[in-house]
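Please read the structure below before turning to the comments.
By convention in this document, chain letters (A, B, ...) are assigned in the order of the sequence lines, proteins followed by strands, and residues within each chain are numbered from 1.
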Amino acid sequence: MDARNNAESKKPAMPADSGARYNFKETEAKWQRVWEERRTFRASEKAPRPKYYVLEMFPYPSGRIHMGHVRNYTLGDVVARYKRARGLNVLHPMGWDAFGLPAENAAIENRVHPAKWTRENIAAMRRQLKSMGLSYDWSREIATCEPDYYRHEQKMFLDFLKAGLVYRKESMVNWDPVENTVLANEQVIDGKGWRSGASVERRRLAQWFMKITTFSDELLDDLKTLDRWPERVRLMQENWIGRSEGARVNFPLADRADRVEIYTTRPDTLFGASFIALSPNHPLAQELASKDKALAAFIAACNHTGTSEAAIETAEKLGFKTGVRAGHPLRPGLELPVYVANFVLMEYGAGAIFGCPAHDQRDLDFARKYSLPVIPVVAPSGKDKASVAVANEAYVGDGTLINSDFLDGLPVEDAKRKIVAHLEEKGLGERAVNYRLRDWGVSRQRYWGCPIPIIHCGACGIMPVPEKDLPVVLPEDVSFEKPGNPLAHHPTWKDAACPKCGSPAQRETDTFDTFFESSWYFARFCSLSPDTAFARTAVDYWLPVDQYIGGIEHAILHLLYSRFFTRAMKQCGYLGIKEPFAGLMTQGMVCHETYQDSRGAWLYPEEVRREGATVVRASTGEPVVVGRSEKMSKSRKNVVDPEAIIATFGADTARLFMLSDSPPDRDLEWTDAGIEGAWRYINRLWRMVFQAKATIAPPGAAKPAQLSERAQDARAAIHRTIAGVSGDLERFHFNKAVARIRELTNAIEGLGDEAGAGSVLREGLATITLLIAPMMPHLAEEMWRGLGHGTLAADTPWPVADPALVAEESVSIAVQVNGRLRGTLELPRGTDRATAEAAALSLENVERAIGGKPIRKVIVVPNRIVNVVV
RNA sequence: GCGGGCGUGGUGGAACUGGUAGACACGCAGGUCUUAGGAGCCUGUGGAGCAAUCCGUGGGGGUUCAAAUCCCUCCGCCCGCACCA
């Protein structure tokens with residue numbers, strides 16, 4: 001689920017010794033033990049409180065956690081612990097997205113079995129996550145590579161098949177001709193296989209598809225209901241689904257009986273058409289290639305680009321003139337050349353387009369390259385037919401139709417309607433809605449995935465595995481010696497009897513895309529029932545997920561597949577909801593500056609040392625080039641290992657640093673100074689309780705009758721902080737919450753022994769303890785105990801702000817002259833306009849700035865600003 | 001190529017629906033305690049200027065009494081693109 005890079009590095013510098021110091025090692029282990037013994041974070045459906053389901057994207061078990069995980073899971077834990085303190089019945093589970101390519105790569109490179117590798121990685125990462133003190137209900141842990149998980153998705157697949165949501169068709173894969181293997185897009189580098197270096201071919205293969213397009217409209221329309229998702233994610237999904245309205249138009253072919261159908265979103269520009277372009281995989285292109293060696297060679301060349309859209313779109317636009325000519329549907333006698341072009345996608349629209357160079361940049365580039373006519377048919381408003389000329393820039397804006405027969409003079413939108421009506425009337429075309437979204441291909445020619453429960457029988461065809469025979473268990477006795485899919489090489493696993501006729505048949509050797517597992521795991525966490533995917537009562541109670549948290553890199557695919565799966569499960573009676581994630585928070589990356597020696601070799605952060613303004617290699621003293629901050633990645637060695645950080649500074653310090661400064665959705669810059677700053681603050685809080693300078697009133701002491709002015713101010717600060725932090729946490733402004741708590745720390749630190757100070761100091765410390773509890777849970781428990789409580793901070797309700805103390809009685813108002821600040825006023829809240837204006841005008845500095853010039857206007861915004869315009 | 005985003009002091013960031021730019025930190029400087037300090041505590045810190053004041057939110061332009069915030073345009077960087085997860 002997470003991106004590929006995981007940190008791996010050595011120890012950071014030891015923190016400076018501050019004499020009496022918070023012993024995080026013992027303290028963190030102690031409270032983790034207490035939480036576990038008391039089952040503090042076990043979730044139950046039976047609690048009478050309202051439910052709240054917090055979920056972080058589960059990790060791929062790469063072997064070690066990286067800072068991205070630390071950030072993600074800290075964010076989730078703050079939400080979980082905060083909501084818990086607010087009295088909600090919280091479900092906060094964790095598991096492992098355990099199938100995937102890296103395990104197979106490890107098997108090939110290190111001769112470790114994927115199952116062993118994965119299970120060991122899970123054990124190592126579970127230990128690391130536990131050291132972070134996260135409030136998971138570990139009794140609900142799942143690993144998707146285990147049959148007790150994937151058996152249920154095999155059943156789901158069969159149900160989807162029955163429901164008509166699954167079908168089989170041919171589609172393109174990246175084929176490595178040397179390794180005889182299908183390659184993932186990430187294994188194709190510049191059109192070459194990553195291991196073999198051989199030029200990759202596009203090859204057709206029969207595969208299983210999920211009919212996600214059945215729900216195109218629903219998936220699009222229901223985005224509107226996801227009001228707790230980031231706007232940008234909804235926009236990305238909207239663009240991905242890519243609904244467009246246009247027309248399908250038929251072009252007759254010269255000297256042939258058939259026609260070619262194209263899809264266009266700009267039917268209004270039909271009179272500007274100057275060529276037809278077919279996808280290399282278009283049936284007509286394929287047919288012509290069978291008789292034309294040069295065309296066949298061109299298509300073969302096109303097929304040496306990988307299958308990824310980025311690769312196809314960034315490749316140089318090339319066309320091949322087939323010699324076939326198409327008649328213009330509305331201009332008798334006009335013939336257009338038919339090209340095969342490498343940028344036309346078979347998967348989109350009709351796999352063929354008409355080119356209108358004057359009003360589409362790509363078509364224009366193509367027309368210039370192959371010397372095709374450019375006929376402007378839309379004039380920008382204000383321009384007439386004679387003055388319209390197209391040079392190197394296509395005009396894609398609105399305007400009035402020209403050179404277009406009966407459309408002349410119409411605005412673009414009217415022209416679209418009119419021409420489509422005309423085409424429909426003449427039987428030459430029709431209005432059409434098209435989607436960019438394609439059905440989801442789920443077949444993978446890989447070993448380490450969930451077997452697709454299908455049997456191929458020579459006589460009966462494709463047969464689902466009977467439910468009683470589930471799960472189809474992935475065999476572990478396989479060999480990675482030969483290239484290709486080990487499942488296909490297994491001596492006996494493939495052999496099966498046809499469920500219908502009983503004759504010898506073969507199992508499907510493809511496995512599911514690993515997005516399959518992550519498309520329903522959120523439901524499995526609700527109940528680990530052994531016989532079914534989940535208990536209906538449990539999902540009815542817990543789902544949807546109230547807050548989902550993870551990387552922005554999943555903004556489209558994972559989230560869209562999960563939304564689809566939820567609808568498919570609903571259709572098959574598994575559950576009753578459509579949208580799996582009611583709230584979504586996407587987090588930014590963790591970055592670090594990069595270091596290179598004079599030869600350009602990357603250096604780990606702990607291999608370098610700062611010497612004043614310069615950075616040198618610690619071992620040799622030679623200067624080091626400091627590069628800009630980038631996402632932590634093994635390849636650049638700009639990684640910091642969370643385990644080393646936790647061992648040196650403790651989990652709370654790491655957690656605090658993850659929350660300070662950067663808002664969750666922005667990138668976070670990892671710095672040594674930052675982690676040390678967090679560590680110092682933690683010690684400062686600890687000292688305030690355990691080495692207090694002033695007297696903290698004993699627990700349960702009577703409230704003092706008198707409070708000094710300073711103590712009163714401190715109390716007001718305490719209650720304003722409660723209100724502010726609560727609001728910040730509700731909106732996930734964790735960095736602001738931290739800043740506010742630090743402000744409160746500053747405010748109460750100065751309390752001495754004046755009237756009531758001890759009592760206010762206790763109130764302040766207790767408040768800080770509870771406010772930091774979601775962020776620094778171990779320290780909070782320790783402080784809570786230190787303040788004399790026998791209960792757990794984790795079981796203590798969130799503090800409540802006294803509204804009387806939160807309201808401020810006076811406000812500071814800015815006074816401007818001509819928009820420039822000339823002074824400030826301290827006035828009672830709610831001072832009327834006239835009084836504020838008079839007070840402003842009487843300020844000495846304001847008078848000087850006015851300098852006797854006549855006052856034209858005075859703008860007064862109550863409680864905010866007075867602006868004098870002269 | 002297409003789609004989405006980001007850009008504020010030396011640094012990370014704050015600034016609510018347009019209303020005192022720089023909260024809170026890091027760093028730096030000075031002071032203090034100390035046998036010592038990469039500890040703690042106190043003070044200062046956007047830039048220029050003795051000052052009044054001026055200049056400042058990636059660049060340029062616009063709207064407004066008032067713009068980091070709204071509009072146009074340009075630049076730089078990042079993410080996704082369907083077999084990485």
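- Contact between the side-chain N/O atoms of N746(A) and the OP1/OP2 oxygens of A25(B) is found at a separation under 4.0 Å.
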The contact string for nucleotides 60-72 of chain B, one letter per nucleotide 5' to 3', using protein heavy atoms under 4.0 Å with B, S and - for base, sugar-phosphate only and none, comes out as -----BS------
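- With hydrogens and angles left out, the side chain of Q207(A) and the base of C83(B) share a donor-acceptor pair within 3.5 Å.
- Below 30°, between 30° and 60°, or above 60°: for H558(A) and F515(A) the angle between ring planes is below 30°, a parallel geometry.
- Residue side chain S812(A) reaches the base of U20(B) through a donor-acceptor N/O pair under 3.5 Å, judged by distance alone.
- The nearest heavy atom of RNA chain B to E630(A) and to R820(A) marks one nucleotide each, and the one closer to the 5' end goes with R820(A).
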Name the atoms and distances for all side-chain donor-acceptor pairs under 3.5 Å in residues 443-450 of chain A, with sequence neighbours left out.
{"residue": "S443(A)", "atom": "OG", "partner": "W208(A)", "partner atom": "N", "Å": "2.7"}
{"residue": "R444(A)", "atom": "NH1", "partner": "G441(A)", "partner atom": "O", "Å": "3.2"}
{"residue": "R444(A)", "atom": "NH2", "partner": "D513(A)", "partner atom": "OD2", "Å": "3.1"}
{"residue": "Q445(A)", "atom": "NE2", "partner": "Q207(A)", "partner atom": "OE1", "Å": "3.4"}
{"residue": "Q445(A)", "atom": "NE2", "partner": "D510(A)", "partner atom": "OD2", "Å": "3.2"}
{"residue": "R446(A)", "atom": "NH1", "partner": "V182(A)", "partner atom": "O", "Å": "3.3"}
{"residue": "Y447(A)", "atom": "OH", "partner": "H113(A)", "partner atom": "NE2", "Å": "3.4"}
{"residue": "Y447(A)", "atom": "OH", "partner": "P475(A)", "partner atom": "O", "Å": "2.7"}
{"residue": "W448(A)", "atom": "NE1", "partner": "A98(A)", "partner atom": "O", "Å": "2.9"}
{"residue": "W448(A)", "atom": "NE1", "partner": "T118(A)", "partner atom": "OG1", "Å": "3.3"}

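- Using the six-membered ring where Trp is involved, W440(A) and F564(A) have ring planes that are perpendicular, over 60° apart on the 30 and 60° scheme.
- G9(B) adopts a syn glycosidic conformation, its chi angle falling within 90° of 0.
- With hydrogens and angles left out, the side chain of R740(A) and the base of C24(B) share no donor-acceptor pair within 3.5 Å.
- Counting only Watson-Crick and G-U wobble pairs whose two distances sit under 3.5 Å, RNA chain B takes part in these stems of three or more pairs: B:1-7 with B:75-81, B:10-12 with B:24-26, B:27-32 with B:40-45, B:46-48 with B:53-55, B:58-62 with B:70-74.
- The ring of F366(A) has its center closer than 6.0 angstrom to the ring center of F343(A).
- For the 3.5 Å distance criterion, the side chains of N105(A) and R195(A) qualify, holding a donor opposite an acceptor.
- Going from atom CG of L557(A) over to atom C1' of C83(B) covers 11 Å, rounded to whole Å.
- As judged by a 4.0 angstrom heavy-atom cut-off over every strand, R438(A) is placed among the base-contacting residues.
- In this model, no side-chain donor or acceptor of D661(A) finds a partner on the base of G13(B) within 3.5 Å.
- Within 4.0 Å (heavy atoms only), R848(A) reaches sugar-phosphate atoms of the nucleic acid but no base atom.
- Residue V173(A) is in base contact, counting any heavy-atom pair closer than 4.0 Å across all strands shown.
- For the pair N342(A) and E316(A), the tightest heavy-atom approach, listed with the atom from each and the gap, is ND2-O, 2.7 Å.
- Of the N and O atoms on the side chains of T181(A) and D176(A), not one donor lies less than 3.5 Å from an acceptor on the other residue.
- In this structure, R444(A) reaches the bases: a heavy-atom distance under 4.0 Å links it to at least one base atom across the strands shown.
- For C83(B), its base sits under 3.5 Å from the side chain of Q445(A) at one donor and acceptor pair at least.
- E749(A) places its CD atom 10 Å from the P atom of A25(B), with the value rounded to the nearest Å.
- Contacts of V233(A) with the nucleic acid, taken as non-hydrogen atoms under 4.0 Å apart, are absent.
- Mapping A739(A) and W240(A) onto RNA chain B by nearest heavy atom places A739(A) closer to the 5' end of the strand.
- Between C26(B) and R680(A), a contact under 4.0 Å exists linking OP1 or OP2 to a side-chain N or O.
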